[in-house]
Amino acid sequence: MTKQEISTITITGANGFVAKNLRNFLSKNHIKVIAIARKTFQKHHTETAVYSKTLLEKGLQNKLRNCDALVHLIGIGKQSSKYNFEGNVDLTKNMIKTCKKSGIKKIIYISGLGVTKNSRSDYFISKYKAEQEIINSGLNYTIFRPSYIVGKKDYLSKFILKQIKKGIVIIPGSGKYHLQPIFVEDVAKIILESISEKKFSNKILDLVGPEIIKFEDFVRYFVKNKKTKIQKINLESIYHEALHNPKSIYDLDSLNLLIGDYTGNLKQLQKTSNVELRPIKDIL
Ligand SMILES: NC(=O)c1ccc[n+]([C@@H]2O[C@H](COP(=O)([O-])OP(=O)(O)OC[C@H]3O[C@@H](n4cnc5c(N)ncnc54)[C@H](OP(=O)(O)O)[C@@H]3O)[C@@H](O)[C@H]2O)c1
């Protein structure tokens with residue numbers, strides 16, 4: 001299918017960071033979208049808004065008929081007494097049922113960089129199980145495993161900028177572990193490409209930017225002013241704080257992700273995608 005032949009794309013988690021950017025991009029490209037969210041949101045003129053909490057509501061399947069693909073962007077990134085990571089698996093199962101009933105044949109899923117069958121964290125295990133549900137669904141799929149996705153108002157940049165406002169940025173441990181951030185607009189382009197290009201069929205691809213960067217150097221992109229202090233705190237203390245202080249700026253899951261030192265297979269992504277990936281200095 002060429003880009004011109006794409007009729008409609010369904011997006012779940014329409015209110016999230018990646019979804020908003022993807023929806024902007026698709027709207028600019030005049031591609032129709034059915035945007036599914038659990039709360040009200042502002043839609044583009046090219047979009048139909050659909051409200052759903054479980055992805056199984058009666059009548060939902062009919063609204064999604066004739067869609068070319070579904071981009072599943074619902075993700076539970078933090079556990080609470082209300083939602084746990086198992087929700088990532090349950091909502092994926094529901095999404096697959098709905099795709100099958102509405103005749104959607106292609107699923108795009110955003111997992112996480114570093115997810116494997118040997119993953120140990122509950123978050124990664126839930127992402128791995130969700131991936132397996134999709135792979136075993138019999139539907140066509142592309143699974144992306146992204147590093148930090150950055151762009152206007154991304155979570156990691158906002159987190160650092162918030163600390164800068166207070167005059168001090170905390171770096172857990174040495175800060176020498178790596179990330180491989182990717183620009184959210186590049187992510188949107190690659191997602192569209194994965195719907196139109198056959199070579200993305202039934203593949204799992206790391207979604208990483210062109211540079212590997214140490215976290216301490218990433219922080220320095222933001223700290224331009226000498227008034228901001230950068231403080232490294234040893235891992236034992238910062239994990240202790242994350243475990244015992246509900247007001248701690250880092251929680252356990254975000255610490256595990258950050259110091260996990262995850263970098264990805266850029267070559268495989270570049271072999272599959274024609275999108276020219278933007279370097280960090282052009283993004284931040
Ligand atoms: N951003 C990154 O750097 C990054 C990196 C790696 C992987 N990912 C993955 O990419 C996907 C999108 O990320 P994002 O940054 O856009 O995340 P996000 O901004 O947190 O968006 C997640 C979306 O999921 C929805 N959601 C969460 N829990 C839900 C539930 N129980 N039922 C229904 N909807 C629920 C949220 O709905 P509400 O708006 O109603 O809360 C939100 O729209 C996620 O799966 C995430 O794990 C993101």
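As a basis for the values below, the full set of heavy atoms in this structure was taken, side chains included, without hydrogen atoms, waters or symmetry mates. When a ligand or atom number is given, it counts from 1 through the structure's own listing order.
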Please classify the Leu91 to ligand 1 contact at 4.0 Å (heavy-atom distances, strictly less than): side chain, backbone, both or neither. side chain
Nearest neighbour in protein (non-hydrogen) for atom 38 (P) of ligand 1: Arg38 NE, 3.6 Å
Does any non-hydrogen side-chain atom of Ile11 lie less than 4.5 Å from one of Ile9? yes
Would you say Tyr123 touches ligand 1, if touching means a heavy atom closer than 4.0 Å? yes
Charged N-O contact under 4.0 Å between Glu211 and Lys281: no
Any idea which of Ala14, Pro146, Ala35 brings a heavy atom closest to atom 6 (C) of ligand 1? Pro146
Between Thr142 (side chain) and Phe200 (backbone), is there a donor-acceptor pair under 3.5 Å? yes
Is there a ring-ring contact (aromatic ring centres under 6.0 Å, His included) between Phe218 and Tyr177? Walk through the geometry before answering. CA-CA 11 Å; Phe218 185 79; Tyr177 36 83; over 10 Å; no
Would Arg23 and Phe17 count as a cation-pi pair here, with the cationic atom under 6.0 angstrom from the ring centre and within 45° of the axis? no
Verify the distance criterion only: is there a donor paired with an acceptor across the side chains of Ser52 and Glu57 at less than 3.5 Å? yes
For a ring-ring contact (aromatic ring centres under 6.0 Å, His included) check, start with the C-alpha distance between Phe124 and Tyr262, then their side-chain angles and the critical distance, and finish with the verdict. CA-CA 12 Å; Phe124 272 10; Tyr262 297 113; 5.3 Å; yes
Going by heavy-atom distance to atom 39 (O) of ligand 1, choose the closest among Thr12, Asn94, Asn15, Thr92. Asn15
May I ask you to list the atoms of ligand 1 that are less than 4.0 angstrom from any heavy atom of Ser147? 5 (C), 6 (C)
Ion pair check, Glu216 and Lys232, cut-off under 4.0 Å: yes
What are the atoms of ligand 1, with element, lying closer than 4.0 Å to any heavy atom of Tyr155? 15 (O), 18 (P), 19 (O), 20 (O)
Ligand 1 to Ile76 polar contact by distance, N or O atoms, under 3.5 Å: no
Numbering as shown, the atoms of ligand 1 that approach Tyr148 to under 4.0 Å (heavy-atom distance): 3 (O)
Given Ile149, Val150, Leu22, identify the one with the heavy atom nearest to atom 2 (C) of ligand 1. Ile149
Ligand 1 to Gly13 polar contact by distance, N or O atoms, under 3.5 Å: yes
When you look at Lys105 and Asn140, which way does the side chain to side chain donor-acceptor pair (under 3.5 Å) test go after all the steps? CA-CA 6 Å; Lys105 294 194 171 64; Asn140 191 306; over 6 Å; no
Protein contact to atom 7 (C) of ligand 1 [nearest heavy atom, distance to 0.1 Å]: Ser111 O, 3.1 Å
Could you tell me whether Lys78 and Asp251 make a salt bridge, using a distance below 4.0 angstrom between a side-chain N and a carboxylate O? yes
Short version for Tyr83: what comes under 4.0 Å of ligand 1, heavy atoms counted, is side chain
May I ask which of Gly16, Ala130, Gly75 has a heavy atom nearer to atom 24 (O) of ligand 1 than the others do? Gly75
For the pair Thr228 (side chain) and Lys224 (backbone), establish whether a donor and an acceptor sit closer than 3.5 Å, ignoring hydrogens and angles. no
Under-4.0 Å heavy-atom contact with ligand 1, by part of Ala37 that carries it: neither
Ser52 near ligand 1 by a heavy-atom separation under 4.0 Å: no
Which protein non-hydrogen atom lies closest to atom 23 (C) of ligand 1, naming both residue and atom, and how far is it? Leu73 O, 3.7 Å
Tell me, which protein residue and heavy-atom name are nearest atom 16 (O) of ligand 1, and how many Å apart are they? Val18 N, 2.8 Å
Carboxylate-amine/guanidinium contact Glu47 Lys32, below 4.0 Å: no
Lys127 heavy atom under 4.0 Å from ligand 1: yes
For atom 10 (O) of ligand 1, closest protein heavy-atom neighbour: Ile110 CG2, 3.1 Å
